[in-house]
Number of protein chains: 2
Amino acid sequence: MTSIKENSTNSLNRKLLTDCNLTYAVQLMGGRWKLLLLMRLEPGRQRFGELKKNIPNITERMLTLQLRELEADGLVTRHVFAEVPPRVEYELTPIGRELVPICGTLHAWGGRHRYQHTGTESTFSHENTPEIWSTP
Amino acid sequence: MTSIKENSTNSLNRKLLTDCNLTYAVQLMGGRWKLLLLMRLEPGRQRFGELKKNIPNITERMLTLQLRELEADGLVTRHVFAEVPPRVEYELTPIGRELVPICGTLHAWGGRHRYQHTGTESTFSHENTPEIWSTP
DNA sequence: TGCGATACACACAAAAATGTAAGTAATGAC
DNA sequence: GTCATTACTTACATTTTTGTGTGTATCGCA
């Protein structure tokens, strides 16, 4: 998300879909790394560098971008400490936290789908957030 | 989704995220028009032309693409009738149908978020699928 | 013979998302 | 004075997604 052409059909359609609460919701969580970030933040605050370490393959640029969008959308809070070297911590907001159980349901559905569709199971491990993935 | 560069970092990262059941699930429903299509199909089978009529601003190309991806992902079934002019109907699969209540929850969350974040409410109407949007 | 109807396909263009590589500011430790 | 540390920023390149416009096959009907 660098610069958007207001008034392209593409952008108008995006706005149109923003009117529906469902597609609106999906737009908020739609960035490639956003849900992973939310899940990492579930146990509590995390520093920028820790997120970077814990999320495989994410670049600093993408991490910054996605975190800033999450912040702008009110899903996470940014805490800046006036230290050197700098320290910045990220934390889920209440409404962001409400997304977590929904993600649990989606995760379970994804597992069922994968099994039915491919006959395999996921081996991805969310080490630091185990309790989320046990769906009620 | 026309042609994908195998082995670009971009594509490798996509595959990596496919390992997680959550991001896997989001990939399946991530196309711009997919969830709207799923919701339209909830009441029952629909013809290509009806979907086109009912979904604002979607082009034939996008409709085709998204439906084909949904089909390839096992979320909808395609029924072709050997008639002239042609008739094709689309229908939710069982696992696709399991996504509907989750969408209901997401829709509700989206509504809460929008209200908190913007102070407004959605005016988007899903005429043909009213019962979905009343979340338990 | 020509037309309308339907569900597409195709080549191309535009826009958006993602990735790469390099640089920056401030400070304390050496 | 140089260096390491941290959380970025910036300019640019690549890849992917979305949109535009036109064409097609088949048949029944006028």
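Residue numbering restarts at 1 for every chain, and letters A, B, ... go by the order of the sequence lines.
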Self-check item: Under the salt bridge (Lys or Arg N to Asp or Glu O under 4.0 Å) test, residues paired with A/E71 that sit two or more places apart
Solution: none
Exercise. Check every strand shown and say whether B/Q66 touches a base, only sugar-phosphate, or nothing at a heavy-atom separation below 4.0 Å.
Key: sugar-phosphate
Practice problem: Establish, yes or no, whether a centroid distance under 6.0 Å links the rings of A/Y24 and B/H113. | Solution: yes
Quiz prompt | Any donor-acceptor pair under 3.5 Å from A/Q66 side chain to A/W33 backbone | solution = yes
Exercise. Kindly determine whether A/E60 and A/K52 satisfy salt bridge (charged side-chain N to carboxylate O under 4.0 Å, His left out), including the steps that lead there.
Key: CA-CA 7 Å; A/E60 295 194 344; A/K52 188 186 157 194; 2.9 Å; yes
For [N], does either OP1 or OP2 sit under 4.0 Å from a side-chain N or O belonging to [X]?
{"X": "A/N10", "N": "D/dT17", "value": "no"}
{"X": "B/N13", "N": "C/dT18", "value": "no"}
{"X": "A/R32", "N": "D/dT16", "value": "no"}

In whole angstroms, how far is the [atom2] atom of [N] from the [atom1] atom of [X]?
{"X": "A/L37", "N": "D/dA7", "atom1": "CG", "atom2": "P", "result": "14 Å"}
{"X": "A/L65", "N": "D/dA11", "atom1": "CG", "atom2": "C1'", "result": "14 Å"}
{"X": "A/L16", "N": "D/dT18", "atom1": "CG", "atom2": "P", "result": "15 Å"}
{"X": "B/L63", "N": "D/dT20", "atom1": "CG", "atom2": "P", "result": "14 Å"}
{"X": "B/L17", "N": "C/dG19", "atom1": "CG", "atom2": "C1'", "result": "14 Å"}
{"X": "B/N57", "N": "D/dT18", "atom1": "CG", "atom2": "C1'", "result": "13 Å"}
{"X": "B/I55", "N": "D/dG19", "atom1": "CD1", "atom2": "C1'", "result": "16 Å"}
{"X": "A/H79", "N": "D/dA7", "atom1": "NE2", "atom2": "P", "result": "14 Å"}

Exercise. On DNA chain C, check which nucleotide each of A/T9 and A/W33 is closest to and give me the residue with the more 5' one.
Key: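 Nearest nucleotide further toward 5': that of A/T9.
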Exercise. Work out which heavy atom in A/I95 is nearest to a heavy atom in B/R112; give both atom names and the distance.
Key: CD1-CB, 4.2 Å
Please list, chain by chain and in numerical order, all residues satisfying side-chain hydrogen bond (donor to acceptor under 3.5 Å, both in side chains) with [X], sequence neighbours excluded.
{"X": "A/H79", "value": "A/R45, A/E91"}
{"X": "A/R32", "value": "B/N10"}
{"X": "A/T123", "value": "none"}

Protein-nucleotides 5-11 of chain C N/O pairs under 3.5 Å:
from	atom 1	to	atom 2	distance (Å)
C/dT6	O3'	B/R47	NH2	3.1
C/dT6	O3'	B/P86	O	3.0
C/dA7	OP1	B/R47	NE	2.9
C/dA7	OP1	B/R47	NH2	2.9
C/dA7	OP2	B/G49	N	3.0
C/dC8	OP1	B/R68	NH2	2.7
C/dC8	OP1	B/R78	NH2	2.5
C/dC8	OP2	B/Y90	OH	2.6
C/dC8	N4	B/E60	OE1	2.4
C/dA9	OP1	B/R68	NH1	3.3

Exercise. Note the angle between the end axes of the helix from C/dT1-D/dA30 to C/dC30-D/dG1, five pairs defining each, rounded to 10 degrees.
Key: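 The angle separating the two end axes equals 30°.
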Quiz item: Looking at D/dT17, C/dT18, C/dA16, which one has an atom nearest to any side-chain atom of A/M62?
Solution: C/dT18
Exercise. Report yes if the side chains of A/T9 and B/T59 come closer than 4.5 Å at any heavy-atom pair, otherwise no.
Key: no
